[in-house]
Each structure stands twice: as C-alpha cells, then as structure tokens.
Amino acid sequence: MRSIKKILVAIPPTAESPALERGLQLARRLGASLDVLLCDPQQDPDKYLDLHLVSLLRAGVHARGEVAPVDIDHASQAVLAACRDHECGLVIKQHRPSGLLSQLLMTPDDWQLLRQVPTPLFLIRGGRSWEGGTILAGMDVEHHDEEHIALQGNVMEHASFLCELFDAALHVVSAYSPALLPQADPSQRIDQAVASHCHDQCRWFMEEYELPEHRLHIGEGPAKVLIPRIAHEFEAALTVLGTVARQGMMGTLVGNTAEAVLDRLEGDLLVLKPGAVSLEAALPSGHRAA
C-alpha cells in the first residue's frame with residue numbers, strides 16, 4: 001500500500017460522502033491523487049462533482065473526476081472499467097447494505113466487485129473514525145495452499161501499516177474448525193487441541209508484528225459469525241480480510257467470507273487478494289481536474 005499513487009473513489013451524488021472522506025485521508029498520508037467516480041443515473045455533474053473537486057483542491061489533494069450514468073448500487077462494471085482505464089492502485093467505494101431477500105434473488109453488486117477488482121478494495125460504511133480506533137485483521141490460518149499463505153502476509157502487512165498510519169490498535173481474529181485439525185494429541189480434549197493448534201499457526205505473525213496475547217482472538221468457526229462478533233465487541237472501525245474470490249458454482253456453493261460478513265459489520269471493510277498489485281500512477285486524459 002505504501003507505493004500506491006492513485007486512488008479511485010466511487011460515490012453517490014450526495015453532498016457528504018464517507019467514502020470520499022476516507023479517500024482524502026488516505027491520499028494525504030500516501031501522497032496519492034484521487035480519481036472521483038460520481039455514480040449518478042441523472043448525469044448532473046455540476047451539482048456535486050465540481051463541489052467535491054474544489055473541496056479536494058482546497059484540502060491539498062490533486063483530484064480528477066467523471067460521472068458514470070449508473071446508480072451506486074449497480075456500479076461494479078463502471079468501477080472496474082475506471083480502475084482499469086485509469087490504472088488505479090486502490091479502489092474505495094461507498095457501500096449500502098442489501099437485504100437478505102435481495103441477496104437470495106440476485107448476487108449483490110458489491111459482491112461482484114469483490115470477486116473481480118484487481119486491487120485492494122475498501123467498502124465504506126462510515127460512522128467510526130480510523131484515527132485512534134481499532135483495526136481488526138481476519139486471519140485464515142487453517143488453509144496452507146499457496147494462495148492462502150500469500151493472503152496471510154497481505155492481511156497482516158496492510159492491517160499493520162494502516163494502524164501505523166492512523167495510530168490505531170491492531171487486533172487479530174482467527175476462526176478454527178475441528179474438521180480441519182491434523183491428528184490431535186489423545187491426552188487433550190478436542191476443543192483444547194483445536195484451539196492450541198490454531199494458536200500455534202498464529203505464532204509467526206504474533207512474533208513478527210509483536211502482537212500481544214490479549215489482541216489475538218481465537219474461536220471455533222464459522223468465520224462469518226466469529227469475525228462480526230469480535231468486530232462488534234471491540235468496535236472495529238475497519239476490518240481487513242483476504243479472499244480467494246471464488247466465482248461461478250464454487251462461489252455459490254462455498255461462498256466467500258468477505259461477502260458473508262460485509263453487511264454484518266458496523267465499520268468499514270478492506271478486502272485483499274493474493275494477486276492484488278499496486279499499479280504505477282498514470283495521468284488519464286479527457287477528465288476535469290481540480
């Protein structure tokens with residue numbers, strides 16, 4: 001994240017935007033520029049876009065903007081296109097929870113974005129300050145394939161860096177499942193053996209990031225239940241998760257933890273993938289600039 005020089009922020013046509021505020025905070029600390037994508041089916045750019053660009057200029061951040069003729073709840077394809085065309089290294093999008101019925105009838109648009117965006121993705125609910133708050137890292141230490149090992153490193157690196165950036169407290173949550181436990185010590189009860197095994201898998205990042213015991217929260221899964229519970233208990237302003245972003249039938253049957261917890265969190269969510277890369281900044285042409 002340290003090398004990111006261009007951030008894409010997707011927002012609805014409103015005077016106030018938690019996502020834009022997060023984008024401003026990150027741009028200032030990273031020395032990055034902002035690309036503002038105003039998602040407005042009415043295509044009335046002068047009403048809000050110019051207002052935001054002038055505000056960003058006054059805040060000392062270089063910004064460009066454009067209007068996408070889509071609603072913010074159906075903006076995934078527009079966001080993906082803008083991310084690709086403008087070579088952004090980070091995407092921030094304002095998120096509005098979808099109802100359970102809507103999720104059953106169709107795949108939520110932000111789920112599509114989670115699965116397809118090639119960069120780190122912030123989905124912003126707003127309401128809790130990152131400054132001096134709690135940042136929660138969700139660690140899957142049960143899977144040891146190449147993708148999940150890469151995710152472990154990405155999650156801890158980003159969460160730790162953001163804690164430094166915003167003087168926040170780092171907490172880590174890890175769920176375990178008895179079904180995935182290797183041969184246990186017969187002298188231990190199964191729950192003790194599982195918890196002990198999970199704790200052993202967490203030792204590397206506890207040592208590397210000097211994480212004290214009271215900030216590691218281990219519990220029997222599923223992760224989609226444990227993560228929101230711990231986030232609520234410690235009033236996490238931001239939760240950082242990794243995802244292998246399953247698609248198609250596998251995604252339908254197995255699901256992704258990031259998707260499952262998105263609307264259960266009260267704070268913001270940062271989603272990372274094993275192959276997410278930070279692209280170099282490039283100045284797009286044909287857009288208004290502040």
Side-chain angles (χ1 to χ4, degrees), residues 1-2 18 22 25-26 29 90 92 95 97 114 120-143 148-177 180 191-192 194-244 256-274 276:
M1 185 169 287
R2 300 173 192 269
R22 299 303 195 208
Q25 291 176 328
L26 284 167
R29 286 163 172 78
L90 176 67
I92 302 174
H95 172 73
L114 279 169
L121 170 67
F122 282 96
L123 291 170
I124 305 300
R125 296 283 296 274
R128 289 180 177 172
S129 174
W130 292 357
E131 295 282 359
T134 295
I135 293 179
L136 180 66
M139 290 289 284
D140 178 357
V141 297
E142 290 189 318
H143 296 88
H148 282 92
I149 290 174
L151 278 175
Q152 291 180 20
N154 285 350
V155 168
M156 288 303 301
E157 180 182 356
H158 281 75
S160 177
F161 175 65
L162 288 166
C163 283
E164 293 177 15
L165 217 56
F166 293 97
D167 193 27
L170 175 62
H171 286 247
V172 177
V173 56
S174 185
Y176 58 78
S177 169
L180 297 180
D191 57 338
Q192 293 175 328
V194 174
S196 176
H197 174 71
C198 183
H199 190 277
D200 288 343
Q201 300 303 306
C202 296
R203 287 190 184 279
W204 74 265
F205 64 77
M206 293 183 69
E207 295 175 358
E208 182 172 341
Y209 292 92
E210 299 180 346
L211 185 76
E213 284 283 348
H214 71 276
R215 292 190 180 177
L216 174 65
H217 313 284
I218 294 175
E220 188 171 343
K224 65 181 181 182
V225 175
L226 181 65
I227 291 172
R229 179 168 66 79
I230 298 298
H232 175 76
E233 181 178 346
F234 291 91
E235 298 184 343
L238 173 67
T239 299
V240 183
L241 296 179
T243 179
V244 295
N256 297 299
T257 300
E259 296 171 2
V261 307
L262 177 57
D263 288 346
R264 301 184 186 188
L265 295 173
E266 296 155 0
D268 303 328
L269 176 66
L270 169 60
V271 182
L272 306 166
K273 295 179 183 176

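Fair warning: this is a prediction, and the values are worked out from it, not measured in the lab.
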Requested in this report: Kindly compute the distance separating NE2 (His158) from SG (Cys163), expressed to the nearest 0.5 Å.
Outcome: 13.0 Å

Query - Separation of Leu265 CG from Leu123 CG (nearest 0.5 Å) - result: 10.0 Å

Query raised in the report: Any sub-3.5 Å donor-acceptor pair from Glu131's side-chain atoms to Asp167's backbone N or O?
Result: no

**Report entry** Gap separating the OG atom of Ser196 from the CD atom of Gln201, nearest 0.5 angstrom
**Finding:** 10.0 Å

Considering only distance and modelled atom types, tabulate donor-acceptor pairs under 3.5 Å from the side chains of residues 224-241, sequence neighbours left out.
unit_1, atom_1, unit_2, atom_2, d
His232, ND1, Glu266, OE1, 3.2
His232, ND1, Glu266, OE2, 2.8

Query raised in the report: Rounded to the nearest 0.5 Å, how far does CG of Leu269 lie from CG of Asp263?
Result: 10.0 Å

Query raised in the report: Side chains of Arg22 and Phe122: closer than 4.5 Å at any heavy-atom pair?
Result: no

Query raised in the report: Looking at Val271, Val155, Leu151, which hits side-chain contact (heavy atoms from CB on, under 4.5 Å) with Thr243?
Result: Val271

Query raised in the report: Quick one: do the Asp268 and His95 side chains pair a donor with an acceptor below 3.5 Å?
Result: no

Report task. With the side chain counted from C-beta on, respond yes when Arg128 and Thr134 share a heavy-atom pair under 4.5 Å apart, and no when they do not. Result -> no

Query - Spacing of Phe166 atom CZ and Leu26 atom CG [to the nearest 0.5 Å] - result: 4.5 Å

Report task. Using side chain to side chain contact (heavy atoms under 4.5 Å, CB included) as the criterion, list what pairs up with Ala169, not counting sequence neighbours. Result -> His171, Arg215

Report task. Identify, with sequence neighbours excluded, every residue that meets salt bridge (charged side-chain N to carboxylate O under 4.0 Å, His left out) alongside Arg125. Result -> none

